[in-house]
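Here the structure is laid out as structure tokens; the discussion comes afterwards.
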Amino acid sequence: MAGQDRITPQHEDRTPDDDADVPAPAPAAQERDAQVDALLDEINDVLESNAEQFVRGFVQKGGQ
Amino acid sequence: MGIETEYGVLAPGNPAANPMLLSGQVVTTYRALAARAGARPAARWDYDDEDPLADARGFHLRRQAAHPSMLTDDPRRPAPAGPAPHDAAPVILDDADDPSAANCILTNGARLYVDHAHPEYSSPEVTGPRDAVLWDVAGERVMLAASRAASGPPAGRELALYKNNVDGKGASYGTHENYLVDRALPFATLAELITPFLVTRQVFAGSGRVGLGPRGDEPGFQMAQRADYIEAEVGLETTLRRPIVNTRDEPHAERSRWRRLHLILGDANLFEAATYLKLGTTSLVLWVLERLDELAGAGVDARRELAALRLADPVGEVRRVSRDVDLVAKLELADGRSMTALEVQETYADVIERALGVLGGAPDAETTAVLGRWRSVLTRLAADPLDCAREVEWVAKRRLLEGMRRRDGLAWDHPRVHALDLQWSDVRPERSVYQRLVASGAVERLVDEDAVADAVLHPPTDTRAYFRGEVMARYPEQVTAASWDSVIFDVPGATALQRVPMLDPLRGTRAHLGALLERSADAGALLAALRGT
């Protein structure tokens, strides 16, 4: 899907011109996206592999 | 001040596990851990002065009229969780095998116990927001140690705890703040003048939530975990029809001098800056409200200025602010004006700053720090919320979730988005998104781990929690029960149990009793010395 994986750490050296078909984010926004992508890589192995099952099983009783 | 946190409890792979039993195991396991470390915190909780049905508006709810979930002062009849049917008669259990009676008074002055179907850590009383953060984070480490010890091959199960407030399926559990307030401030004035502040403080205090509506039926993201569960402006209940301002009038202190403001609308925060600001700014607002007459005399009409902020629909605006992640919504005021949540907050900060200016000299360092950080966060939230991603929890969570959605093309209701929200608050570092962000340097911390480790074992030194924690550490064999405002000793040779009341939260400090505790080899010597003082 256009625009979904435009900015990833591997693509940091891309210039906005590489993606002429989609509006390029401002450089500051690009930098921010790269930072967030790096964080997403950091947390990747923390996340449950079966998210659907985990979310479905997360059931609590009401409290105060 | 202090914070009570009910943690989410989960036995992964065993959906049939009884949450009350799991919660009880968390508490009894920690008690056993503490015993192995030398303490013997078997003391029970002293319920004598608990009065959960006293209403700050000056009346008592009849016991028969109360929802069973509100009867929290009888350990033999555990209060059920909120949405339980009204006619479900509570089962009377034997203390010995009743998980809901599990209780542990920690050497740091905190209480670890089972509240409804959750393990709860009630922090010791502290005098400032930085200490509130410290003993709150200590609670996270207590829960971590308990869940580790209750998991693994010997226990034959895995037990996970979450510092959050929602399960995304309709259940919510609380993080309550408590503030000692001068009883001379009429409750109606307090409730009126603090409400616009409480409705809007989620802009910096929210911890972020995936899903809109109590059951999360509508996809989306909002600032606060608790916003969709607040249904009344003022009220006594905590498990249903939850109010912005709770009226439970159980001061745990000398009733003629103080009330305990019990706030139930806040989120569990992992971000230390969020806890710090939440406790710090709320106590500054209370400081002003306690001095309205004095301030009027000095030329600051705080009563009029804050009354002018009255919202046309406070309960509705709690939800609206929580969904206004761009911070642009105009809240309708009762007088017809409209303001953004940030503007309401700025007005409170202005009034407080002027109040500090006209009353008594330079503010202390912590007050100055709270005000400075508050102003700074409000300014940066207005300019670009992402600039607050290291301090404001919902901003950090949203940034990460938006990144995941962009990178992987996920909608707000995708299970991976939900999973990240839930795992944000897992107390286990290897499963915690928050802890991973901390390790990456993406979160500002206010306390260091050495101080936290110390706070797990030791009480604050400047409140009565010092006395409670120290006697639990020094004379565990001779303490049979304790509560927020009492300790009951069983001294060998004495003819009766001896109850030491602690109705003044600011007595029983290290300055007051430290030397005496040092000199007292046992509780008998301590009590003899106390009688002599």
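It should be emphasised that the depicted structure is a prediction, and the values quoted were computed from it without experimental measurement. Chain naming here is simple, since letters A, B, ... match the order of the sequence lines and numbering starts at 1 in each.
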Q) Which bit of S432(B) comes within less than 4.5 Å of chain A, counting heavy atoms only: side chain, backbone, both or neither? A) backbone
Q. Where does N18(B) contact chain A at under 4.5 Å (heavy atoms): side chain, backbone, both or neither?
A. neither
Q. Measuring heavy-atom distances to chain A, does V9(B) have an atom under 4.5 Å in its side chain, in its backbone, in both, or in neither?
A. both
Q.
Rounded to the nearest 0.5 Å, what separates atom CZ in R32(A) from atom CG in L386(B)?
A. 4.5 Å
Q: Evaluate the side-chain proximity of V46(A) to Y434(B): yes if any heavy-atom separation is below 4.5 Å, no if none is.
A: no
Q) What heavy-atom pair brings L40(A) and G403(B) nearest, and what distance separates the two atoms? A) CD1-C, 3.5 Å
Q. Quick one: what part of H418(B) sits under 4.5 Å from any heavy atom of chain A, side chain, backbone, both or neither?
A. both
Q: Indicate yes or no: does D41(A) engage R407(B) in a salt bridge with an N to O separation below 4.0 Å.
A: yes
Q.
Taking the side chain as everything from C-beta on, heavy atoms only, tell me whether Q64(A) gets closer than 4.5 Å to Y173(B).
A. no
Q) What part of N246(B) gets closer than 4.5 Å to chain A, counting heavy atoms only: side chain, backbone, both or neither? A) neither
Q.
Does any backbone or side-chain atom of Q53(A) lie under 4.5 Å from a heavy atom of chain B? Answer side chain, backbone, both or neither.
A. neither
**Q.** Heavy-atom contact with chain B under 4.5 Å, split by part of N50(A)
**A.** neither
Q) Parallel under 30°, tilted from 30 to 60°, perpendicular over 60°: which one fits the rings of F58(A) and Y162(B)? A) perpendicular
Q) For H414(B), is it the side chain, the backbone, both, or neither that has a heavy atom closer than 4.5 Å to a heavy atom of chain A? A) neither
Q: Identify which part of I264(B) has an atom lying under 4.5 Å from any heavy atom of chain A, answering side chain, backbone, both or neither.
A: neither
(Q) Report which part of E6(B) has an atom under 4.5 Å of a heavy atom belonging to chain A: side chain, backbone, both, or neither. (A) side chain
Q: Using heavy atoms and a sub-4.5 Å threshold, report which of residues 389-399 of chain B line up against chain A, by residue number.
A: R399(B)
Q) D217(B): what forms a side-chain contact (heavy atoms from CB on, under 4.5 Å) with it, not counting sequence neighbours? A) R215(B)
Q.
Is any side-chain heavy atom of R416(B) closer than 4.5 Å to one of L47(A)?
A. no
**Q.** Short N-O contact, K61(A) and D167(B), less than 4.0 angstrom
**A.** no
Q) Would D37(A) and R406(B) satisfy side-chain contact (heavy atoms from CB on, under 4.5 Å), going step by step from the backbone distance to the final call? A) CA-CA 10 Å; D37(A) 286 339; R406(B) 166 181 52 76; 3.2 Å; yes
Q) Can you find a heavy atom in the side chain of E402(B) that is under 4.5 Å from one in the side chain of V36(A)? A) no
